[in-house]
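Structure, as C-alpha cells:
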Amino acid sequence: MNIKNIRFFDMFAGIGGFRAGLERAGGFACIGHSEIDTHADKAYRNMYHINPKETYYEDATTIKAEEMPDFDLLCAGFPCQSFSIAGKRCGFQDARGTLFFDIARILKAKHPAFFILENVPGLLSHDEGRTFTAILGTLSELGYGVEWQVLNSKSFGVPQSRKRVYIVGYLDPKCAGKILPLPGTDGKALIQIVGGAQGARVYDPSGVACTQLASSGGGGGKTGLYLVSCSSRDGISDTRESARTLTASYAKGLGSGQARDGVLLIKEATRRGYSEAKPGDSVDTSYVSQNQKRARVGHGISYTLTTHADKAVVDTDMRIRRLTPKECLRLQGFSDKQIDKLLAVTSDTQAYKQAGNAVTVNVIHALGLRLKAVWLENAAAGAEKEAA
C-alpha cells in the first residue's frame, strides 16, 4: 500500500519548531510557510531544506486561501502575547489576538484533515474562559472535532519548564482520543537556589531550566541564571554529548575575567564604589539602597545576587552565568546542526528572541508520531474497504 506523506502548512512559522518536530517524526512534507519576522524567516530558510515548490507568505493576514496548494495538516503557534498572563490579556481586542481568525479563515477554505495549534495556558482562562469558548465554537462550526491539553516541555526530554496548551482538530470523528491526551514522562523540577525577582534568581543546573521568553535579549533575568562548576580540579562543566544540557559551557558564554580559577568577581553597586571579593569573603549589601541592592557577578553577566538577605558568600570553584543562545535553542529541542545553521545567519539578540518564541520540537515530535499513526490507521482502513 502506497501511503503519501502528510502535507502540512507551517503558519506563523518562526524558526520552525513545528517543522523540525514533524520532520523528525517522518512521513510529513511541508508545502509552505508564513512568517512576518524577516530575521526568523532568514534563520528558517537556512535551517531546513526548502523545496522550490513550497509557497511563502510574509503576512498571514494577506494569504489568499483559495490560491494555496492543498494540504492535510495546518500547524500554527499563533501569537500568544495577547493571551499571556504576563501581558495585558486583551485577547480578541488586541490585533494579535484576531490572528486566530486568519487560521479559521484558512481552515474554512482548505478544510485540511487535521490542525495543531499552540498557545500559552493563559488562553484557557482569559476573560473567564469566554475567549477559549469562542475559539472552540469557531472550530466546531467549521466541522472539526477538537481536543486540547496543557503539556510541559520538561515531560518530553528537554530540561525546560514550559507549559503550553496544544489544540488538536480532526474532521474524521474516528480520530477522537487517538492523538490527545498525550502521555509524557515525569520531568525534573525547577530548583531555585537564590530567590527574588526574575533576574535575581539563581537556579541549580541539575533541575530543569526556567521558561525561555521571546524578550530574552541575552539578559540573565530572561534566560535564567545558573550555578556552574568552574575550578582547576573539575574545569568548566561541559556535557555537550547530551545536546540538552544546562551545564554545557562555551568560551563565548564566559568573559575573560571569569576564567580566573578560584575567584568570583563581585562588583558591588555600593556607595563605596566597586570592589573585588575574594574566595570565602562575605559581601555586605545591607547598606545599599533599594534601587542598588544588587551585586554583579563577572564581566558581561547579568545582575544576580539581588536577594532579601544582607550577605552573599563567594564560592571558590563555582560561577553564576546566563544561558548562551545555543543552550536556549537546545532547551527547545533543536539539534546542534540546526542551531549552528541558525547562528550562522542570526545575531545573539535575535537568537534569544527566536528561541523564546519557538515551539518545543520534542512536543511536536510526540504529537506528530500520534497523528501519523492515526493517518496510517485510517489509510489502511480505507484500503481494506476499497478492496472489499
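Because the structure is predicted, anything quoted here is derived from the model rather than measured.
- Stacking of Arg45 on the aromatic ring of Tyr56 is recorded, both the 6.0 Å distance cut-off and the 45° axial limit being met.
- Judged by distance alone, the side chain of Glu54 and the main-chain N or O of Asn51 form a donor-acceptor pair under 3.5 Å.
- No donor-acceptor pair closer than 3.5 Å links the side chain of Ser140 to the backbone N or O of Leu136.
- Val202 and Ile191 are members of different hydrophobic clusters when ILVMFWY side chains are connected at heavy-atom separations under 4.5 Å.
- A donor-acceptor pair under 3.5 Å is formed between the side chain of Glu35 and the backbone N or O of Gly14.
- Judged by distance alone, with hydrogens and angles left aside, the side-chain atoms of Tyr48 form no donor-acceptor pair with the main-chain N or O of Arg19 at under 3.5 Å.
- In this structure, Tyr144 has its ring center under 6.0 Å from that of Phe115.
- When atom types are taken as modelled, the side chain of Lys163 and the backbone of Leu151 share no donor-acceptor pair closer than 3.5 angstrom.
- Of the possible donor and acceptor atoms, none in the side chain of Thr360 sits under 3.5 Å from a partner among the backbone N and O of Gln332.
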Exercise. When you look at Arg164 and Asn152, which way does the side chain to side chain donor-acceptor pair (under 3.5 Å) test go after all the steps?
Worked result: CA-CA 6 Å; Arg164 291 293 184 267; Asn152 196 326; over 6 Å; no
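- Under the 4.5 Å side-chain criterion, counting only non-hydrogen atoms from C-beta, Leu123 is not in contact with Phe100.
- A donor-acceptor pair under 3.5 Å is absent between the side-chain atoms of Glu147 and the main chain of Gly145, judged by distance alone.
- Side chain of Glu141 to main chain of Thr138: no donor-acceptor pair is present (N/O by atom type, distance under 3.5 Å, no hydrogens or angles).
- Using modelled atom types, no side-chain atom of Asp127 and backbone atom of Gly129 make a donor-acceptor pair closer than 3.5 Å.
- Atom NZ of Lys42 is surrounded by 12 or fewer heavy atoms from other residues, nucleotides or ligands within 6.0 Å.
- Between Lys64 and Glu66 no salt bridge is recorded (no basic side-chain N to carboxylate O distance below 4.0 Å).
- Distance alone, capped at 3.5 Å, is enough to place a donor-acceptor pair between the Lys372 side chain and the Ala25 backbone.
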Problem set entry | Derivation and outcome, side chain to side chain donor-acceptor pair (under 3.5 Å), residues Asn119 and Tyr166 | CA-CA 7 Å; Asn119 211 292; Tyr166 292 85; over 6 Å; no
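- Contact check on Asp70 versus Arg7 returns no salt bridge, with no Lys/Arg side-chain nitrogen under 4.0 Å from an Asp/Glu carboxylate oxygen.
- The pair Arg105-Asp102 meets the salt-bridge criterion, with a side-chain N (NZ, NE, NH1 or NH2) lying under 4.0 Å from an Asp/Glu carboxylate O.
- Here Tyr44 and His33 bring their ring centres to under 6.0 angstrom of each other.
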